S.K.: 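I'd like to ask you about the structure that follows.
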Amino acid sequence: MLDIQLLRNDLEGVTSRLAARPFQLDGAEFQALEQERKLVQTRTQELQSARNNMAKRIGQAKSKGEDVTALMSEAGEANSELQSVEAKLQQIQAKLQDFLLVIPNLPHATVPPGRSADDNVEVRRHGTPRQFDFQVKDHVDLGEGLGMLDFATATKISGSRFSLMTGGLARLHRALAQFMLDVHTREHGYTEVYTPYLVNAASMRGTGQLPKFEEDLFRVPFGLEEPTQIEVEEVVREGVTSIAPPRQKYFYLIPTAEVPVTNIVRDEIVPLELLPLKFVCHTPCFRSEAGSYGKDTRGMIRQHQFDKVELVQIIAPEKSYGGLEQLTGHAETILQRLELPYRVVALCAGDMGFSSAKTYDIEVWLPGQSAFREISSCSNFEAFQARRMQARFRNEKGKPELVHTLNGSALAVGRTLVAVLENYQNADGSVSVPAALQAYMGGLERIARSG
RNA sequence: GGAAAGGUGGCUGAGUGGUCGAAAGCGCCGGACUCGAAAUCCGGUGUACGGUUCUCCGUACCGUGGGUUCGAAUCCCACCCUUUCCGCCA
């Protein structure tokens, strides 16, 4: 969420910066809402002030034993306008809130312009793709050839976009996650956390998935919300005999550990000396992939369920851009240790996510596709998520101030597995185990078809 | 799922209809005392929003949302959470 003050003070500037995404800000609607808000709020507060004074006078008069019937009827009359104007104010503020909640973050000054992934800017490259003297296979052929990757059975159990791994491959998958966690906790100073995988709507709103991207999420019905008194009265007034049904409440499956981990600080004021908070978290991630029909249908690149090791930092504003560079470096370390070639790209304004002010993607080389594919996305959200979450710290002056939030995958485990399979494949269809992982595989150097 | 108790400021905790944004204590900040420190004493110490504009003024906030009332931390209703006991369960 953007700072409403910024929209009040520099509507034109905000509009033009958002146009880079591109996002069309309805400035006229904002100004109309603001004008009405100001009018109604001023009037409301005036009337509230009058009411408070009157109540005080009645109290004082009563304590002196004076007659207060005249005062009380006067006070009663003034109340009807207050009631309607209070309701109106609530309505306008809800409208303003809804307006603000769907505006994306402002791109940082260093974000390259552009509309699509084609306009992203390569920042650096690491490693050289290996030359193969045989026909390379992609991870699907390799995994199925090993007898350890079975999409048909996964489809039977669940449906498309799920995978089933067995034996050495399942172990390799586990080894990757363990390895990543160990590097980040032992070498990069992150605290490991275990979180809920089902979260409430407030958490999803905090990190920006709601209200705009509900269709990307899986949700599970749980519990009912009783209708408010107002709703019940509306039903009665409209002469409907049945009472309004209770609203269904939902849990949402996390699409990334970013959601539960970042929300740790929702509605909190973090002491300055604890910053930056650095968390690493391994979770499954669940995504509906609505709107990606026909994209990456083969293999385990795009799944409804995948594992990811996520880095999250809660950091002071003036340190957040330095923190983003560091965090991206932490993610790169994993690829370096696994000796996988990759490049880092700065996303252009049009390719960035809704909540991000700046994003680096890390793309790993996949011989099966002869292409770099995204394996990590590292972002600085500045105060965008913090404002939604009311996540603050106490600054040097002792005043609460919004934190900045960072996160990045380090890495997506499924895609890392794909990269290991394809980059470490041998002519006979076996796969060598990267040196960094052998300790996690009981010293195993090579995964081959058994029997 | 059943029963009971509870949810007040950074913390402890008082407040059951009227100058209550809220006593008191602790903590923290400033000052006095001191060579310095401790102890003691004095003063200050929540958040958000709005108006004004650098100085104030106003409004809201005592788990959340409603209601009653001229007036609600206090009364009523619903919900959420915490603790304890019972039941069920990995």
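Since we're looking at a predicted model, the values are computed, not measured. Letters A, B, ... are given to chains in the order of the sequence lines, protein chains preceding strands, and every chain is numbered from 1.
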S.K.: Mapping A/Lys56 and A/Arg394 onto RNA chain B by nearest heavy atom, which one lands closer to the 5' end?
M.R.: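 Nearest nucleotide further toward 5': that of A/Lys56.
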
S.K.: Indicate, with yes or no, if the rings of A/Phe213 and A/Phe354 have centres closer together than 6.0 Å.
M.R.: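 Ring centroids of A/Phe213 and A/Phe354 are less than 6.0 Å from each other.
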
S.K.: When the distance from CG of A/Leu402 to P of B/rC49 is rounded to whole Å, what number comes out?
M.R.: 9 Å

S.K.: Tell me the interatomic distance from A/Arg8, atom CZ, to B/rG50, atom C1', rounded to whole angstroms.
M.R.: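 Nearest whole value for this atom pair: 8 Å.
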
S.K.: Quick one: look up who B/rA78 pairs with, Watson-Crick or G-U, both distances under 3.5 Å, and put none if it's unpaired.
M.R.: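 Here B/rA78 is engaged in a pair, and the nucleotide opposite it is B/rU64.
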
S.K.: Rounded to the nearest angstrom, tell me the gap between atom CD in A/Gln83 and atom P in B/rG67.
M.R.: 8 Å

S.K.: Of A/Arg266, A/His404, A/Glu258, which is the lone residue that meets side chain to side chain donor-acceptor pair (under 3.5 Å) with A/Gln385?
M.R.: A/Glu258

S.K.: Tell which nucleotide pairs with B/rG1, taking only Watson-Crick or G-U wobble pairs whose two distances are both under 3.5 angstrom.
M.R.: B/rC86

S.K.: Is there a donor N/O on one and an acceptor N/O on the other, under 3.5 Å, for the side chain of A/Gln48 and the base of B/rU59?
M.R.: no

S.K.: Give me the distance, rounded to whole Å, that separates B/rU68 from B/rG17 when you measure between the C1' atoms they each carry.
M.R.: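 Straight-line distance between the two C1' atoms is 12 Å.
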
S.K.: Only one of A/Tyr194, A/Phe306, A/Tyr197 forms a side-chain contact (heavy atoms from CB on, under 4.5 Å) with A/Thr283, so which one is it?
M.R.: A/Tyr197

S.K.: Between B/rU59 and A/Ser49, is there an OP1 or OP2 to side-chain N/O distance shorter than 4.0 Å?
M.R.: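 The answer is yes; a side-chain N or O of A/Ser49 sits under 4.0 Å from OP1 or OP2.
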
S.K.: How long is the line joining CD of A/Gln97 and P of B/rC49, in whole Å?
M.R.: 12 Å

S.K.: Which whole number of Å gives the distance between the C1' atom of B/rA32 and that of B/rG36?
M.R.: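 Straight-line distance between the two C1' atoms is 15 Å.
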
S.K.: Using a 4.0 Å heavy-atom cut-off across all strands, classify A/Arg392 as base, sugar-phosphate, or nothing.
M.R.: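 It contacts sugar-phosphate atoms only.
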
S.K.: So, A/Tyr360 versus A/Glu325: side-chain donor-acceptor pair below 3.5 Å or not?
M.R.: yes

S.K.: For the side chain of A/Gln45 and the base of B/rG58, is some donor closer than 3.5 Å to an acceptor across the two?
M.R.: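 Per atom types, the contact qualifies.
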
S.K.: For the side chain to side chain donor-acceptor pair (under 3.5 Å) test, which of A/Asn105, A/Thr110, A/Asn380 pairs with A/Lys358?
M.R.: A/Thr110

S.K.: Say you pick atom C1' in B/rG50 and the same atom in B/rA39; how far apart are they, in whole Å?
M.R.: 46 Å

S.K.: Any idea which heavy atoms bring A/Cys348 and A/Pro113 closest together, and the distance?
M.R.: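 That would be CB-O, 3.5 Å.
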
S.K.: Tell me which nucleotide among B/rG51, B/rU19, B/rG58 gets nearest to the side chain of A/Lys38.
M.R.: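 Of the options given, the side chain of A/Lys38 lies nearest B/rG51.
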
S.K.: In whole angstroms, how far is the P atom of B/rG63 from the CG atom of A/Asn200?
M.R.: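 So the CG-P distance, A/Asn200 to B/rG63, works out to 20 Å.
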
S.K.: In this structure, how many angstroms lie between the C1' atom of B/rU19 and the CE atom of A/Met54, rounded?
M.R.: 16 Å

S.K.: Taking only the side-chain nitrogens and oxygens of A/Gln90, find out if one of them lies under 4.0 Å from OP1 or OP2 of B/rG66.
M.R.: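 Result: yes.
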
S.K.: How would you label the contact of A/Arg37 with the nucleic acid (heavy atoms, under 4.0 Å): base, sugar-phosphate, or nothing?
M.R.: sugar-phosphate

S.K.: Report yes if at least one side-chain N or O of A/Arg51 is closer than 4.0 Å to OP1 or OP2 of B/rA60; otherwise report no.
M.R.: yes

S.K.: Expressed in whole Å, how much space separates the C1' atoms belonging to B/rG66 and B/rA72?
M.R.: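 It comes out at 14 Å once rounded to the nearest Å.
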
S.K.: Using atom P in both nucleotides, what's the gap between B/rG43 and B/rA23 to the nearest angstrom?
M.R.: 15 Å

S.K.: Would you mind pulling out the nucleotide paired to B/rU45, Watson-Crick or G-U wobble, both distances under 3.5 Å?
M.R.: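 When the pairing criteria are applied, B/rG27 turns out to be the nucleotide that pairs with B/rU45.
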
S.K.: Under a plain distance cut-off of 3.5 Å, with no hydrogens placed, do A/Glu214 and A/Tyr250 share a side-chain donor-acceptor pair?
M.R.: no

S.K.: How far does the P atom of B/rU45 sit from the matching atom of B/rG21, given to the nearest Å?
M.R.: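 Their P atoms lie roughly 16 Å apart.
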
S.K.: Name the pairing partner of B/rA22, where a pair is Watson-Crick or G-U wobble with both distances under 3.5 Å, or state none.
M.R.: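 Here B/rA22 is not engaged in any pair, so there is no nucleotide opposite it.
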
S.K.: Is there a Watson-Crick or G-U wobble partner for B/rA73 with both distances under 3.5 Å, and which nucleotide is it?
M.R.: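 Paired with B/rA73, as far as the under-3.5 Å criterion goes, is no nucleotide at all.
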
S.K.: Rounded to whole Å, how long is the line connecting atom CD1 of A/Ile92 with atom P of B/rG50?
M.R.: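 In whole Å, B/rG50 P lies 14 Å from A/Ile92 CD1.
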
S.K.: Roughly, in whole Å, what's the span from CG in A/Asp3 to C1' in B/rA48?
M.R.: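 Between C1' of B/rA48 and CG of A/Asp3: 13 Å.
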
S.K.: When A/Ser203 is tested against each of A/Val259, A/Thr262, A/Leu198 for side-chain contact (heavy atoms from CB on, under 4.5 Å), which residue passes?
M.R.: A/Val259

S.K.: Both distances below 3.5 Å, Watson-Crick or wobble geometry, any strand: find the nucleotide opposite B/rC56.
M.R.: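 Checking every strand shown, B/rC56 finds its partner in B/rG51, with both distances under 3.5 Å.
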
S.K.: With hydrogens left out and only the distance checked, is there a donor-acceptor pair under 3.5 Å joining A/Lys62's side chain and the base of B/rG18?
M.R.: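 Flag set: donor-acceptor pair detected.
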
S.K.: Quick one: label A/Gln5 by what it contacts on the DNA or RNA (base, sugar-phosphate, nothing), any heavy atom closer than 4.0 Å.
M.R.: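 Since only primed, P, OP1 and OP2 atoms lie under 4.0 Å of A/Gln5, the category is sugar-phosphate.
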
S.K.: Closer to the 5' end of RNA chain B via nearest nucleotide, is it A/Gly76 or A/Thr42?
M.R.: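 Its nucleotide being nearer the 5' end, the pick is A/Thr42.
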
S.K.: Could you give the distance separating B/rC62 and B/rC11 at their P atoms, to the nearest angstrom?
M.R.: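 Rounded to whole Å, the distance is 16 Å.
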
S.K.: At under 4.0 Å between heavy atoms, what does A/Ala55 touch on the DNA or RNA strands: base, sugar-phosphate, or nothing?
M.R.: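 The answer is base, as A/Ala55 lies within the cut-off (heavy atoms under 4.0 Å) of a base atom.
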
S.K.: Rounding to an integer number of angstrom, what distance separates B/rA22 and B/rG13 when you compare their C1' atoms?
M.R.: 13 Å

S.K.: Using a 4.0 Å heavy-atom cut-off, does A/Gln60 contact any base of the nucleic acid, only the sugar-phosphate backbone, or nothing at all?
M.R.: base

S.K.: Check the phosphate of B/rU59 against A/Asn52, side-chain N and O only, distance under 4.0 Å to OP1 or OP2. Yes or no?
M.R.: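 For B/rU59, OP1 or OP2 has a side-chain N or O of A/Asn52 closer than 4.0 Å.
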
